[in-house]
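Report on one structure; see the data block that follows.
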Amino acid sequence: MSPPANFEQLQSAIAAAYPHLSPQLQQLGRFALERPDEMALGTVASVAEAAEVQPSALIRFANALGFGGFTDLQQPLRARLLQRSASYRERIVALDSEGPTRKQLDTAEADVLQRFAADASTELAQLSDNVPRTMLAAAATLVAAADRVHMLAQRRAFPVAAYLSYALGQLEVQTQLLDGMGGMLGDTLRRIGRRDLLLVASFRPYSPEVVAAAADAKQRHVPVVAITDTALSPLKPSARVCLELGPQANTAFQSLAAPMCLAQVLVVCTGQRLAQLDQQRQRRGTSK
């Protein structure tokens, strides 16, 4: 087995191997996807301590993914770091060090606002690293081609589905927001046809109903597009296209900045794809 050559391939390799790994190696798989920078720059000892595993587990983990050793495993992770520019959080910190901005914040509310804005900026800066253009194009193509797009999300992810239902509707895409009102979710899901599309969103801790709906749709050959966090999401096996935002920050309040930004980008890409389809139809009509 050839080892993964870049971070995207590494994500896929970890997701594919994950079900067959020992609990300790699964723990390392989660660590690699959730804290890739630490995995890239740490030593065997420091990473083992941070991941709460034995140092020898790192070697076994690297071997399980086709690498000769831990240093080889770090190469695609370090390449990812070199491709990234300084995060917005780092820029904000740099600005703070240049002037008295932070000291001028004289209320707790302003301090909270700055902290949340910095967290959201970091998520947005990482978004382009985590979602390849090819995946966006594939998702937009599926949305544009569907007879009807059904959106399903619950709890924190629900605003993402609600926005997509509204915005895609403005593009004259036939949409349906599945809210499960009246206990009718199961009946509605069963009526989704193969020419339709199920667009789901869920983040850890994942909604069991959303995960089950995606799995059922795949079994019935209904295409699924998923917006989720990492390659270890239970939505990934069911999705024809899986848009992965990356690991969530370990904070009490999880931001929706990145998911909503991705939803807006998906709408714009779908609009572009619909325009291309209209032009193709016009050319075919002119040539007759």
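The figures that follow rest on heavy atoms only: side chains count, while hydrogens, waters and symmetry mates do not. This is a predicted model, so every value here is computed, not measured.
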Nearest heavy-atom pair of [X] and [Y]: which atoms, and what distance?
| X | Y | answer |
| --- | --- | --- |
| L25 | A57 | CD2-O, 3.3 Å |
| S202 | V210 | CB-CG1, 4.2 Å |
| T175 | R148 | O-NH1, 3.4 Å |
| A153 | F158 | O-CD1, 3.2 Å |
| A239 | A226 | CB-CB, 3.8 Å |
| A215 | S238 | CA-OG, 3.3 Å |

Ignoring hydrogens and geometry, is there a side-chain-to-backbone donor-acceptor pair from [X] to [Y] under 3.5 Å?
| X | Y | answer |
| --- | --- | --- |
| Q75 | T71 | yes |
| D229 | R204 | yes |
| T270 | L266 | yes |
| S165 | A162 | no |
| R220 | I192 | yes |
| R156 | S255 | yes |
| E244 | T228 | no |
| R78 | A40 | yes |
| S121 | A117 | yes |
| D278 | Q282 | no |

Problem - R283 and Q280 side chains, donor-acceptor separation under 3.5 Å - result: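 Side chains of Q280 and R283: no pair found under 3.5 Å.
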
Exercise for the section: Please determine, by modelled atom types, if S22 and Q24 share a side-chain donor-acceptor pair under 3.5 angstrom. Expected result: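 No - no donor-acceptor pair under 3.5 Å links their side chains.
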
For the [atom1] atom of [X] and the [atom2] atom of [Y], what is their distance to the nearest 0.5 Å?
| X | Y | atom1 | atom2 | answer |
| --- | --- | --- | --- | --- |
| L177 | L168 | CG | CG | 11.5 Å |
| Q154 | L152 | CD | CG | 6.0 Å |
| C269 | L136 | SG | CG | 5.0 Å |
| E123 | N130 | CD | CG | 10.5 Å |
| Q272 | T141 | CD | OG1 | 11.0 Å |
| I227 | L262 | CD1 | CG | 5.0 Å |

Problem - Worked verdict on Q26 versus L21 for side-chain contact (heavy atoms from CB on, under 4.5 Å) - result: CA-CA 6 Å; Q26 286 183 341; L21 298 176; 3.8 Å; yes

Does atom [atom1] ([X]) have a neighbourhood of more than 12 heavy atoms from anything else shown, all under 6.0 Å?
| X | atom1 | answer |
| --- | --- | --- |
| E49 | CD | no |
| E52 | CD | no |
| R155 | CZ | yes |
| Q54 | CD | no |

Practice task
Apply side-chain contact (heavy atoms from CB on, under 4.5 Å) to L243 and V241, showing your working.
Solution key: CA-CA 7 Å; L243 303 176; V241 177; 4.1 Å; yes

Check whether any side-chain heavy atom of [X] lies under 4.5 Å from a side-chain heavy atom of [Y], and answer yes or no.
| X | Y | answer |
| --- | --- | --- |
| I14 | F61 | yes |
| L65 | P3 | no |
| L10 | N6 | no |
| C261 | L127 | yes |
| E38 | V47 | no |
| F70 | T43 | no |

Let me check something: do [X] and [Y] share a hydrophobic cluster, defined by ILVMFWY side-chain heavy atoms less than 4.5 Å apart, either directly or through other members?
| X | Y | answer |
| --- | --- | --- |
| L73 | L28 | yes |
| V222 | L142 | no |
| Y206 | V225 | no |
| L232 | V200 | no |
| Y18 | F31 | yes |

Handout entry: side-chain hydrogen bond (donor to acceptor under 3.5 Å, both in side chains) between T230 and S233, intermediate numbers included
Key = CA-CA 6 Å; T230 73; S233 167; over 6 Å; no

Practice task
Determine, stepwise, if the pair L198 / L178 fulfils side-chain contact (heavy atoms from CB on, under 4.5 Å).
Solution key: CA-CA 10 Å; L198 179 62; L178 306 177; 4.2 Å; yes

Exercise for the section: Apply side-chain contact (heavy atoms from CB on, under 4.5 Å) to the pair L41 and L77, showing each step before the final yes or no. Expected result: CA-CA 9 Å; L41 300 175; L77 294 167; over 6 Å; no

Exercise for the section: Could you point out which residue of Q174, R191, Q176 forms a side-chain hydrogen bond (donor to acceptor under 3.5 Å, both in side chains) with H150? Expected result: Q176

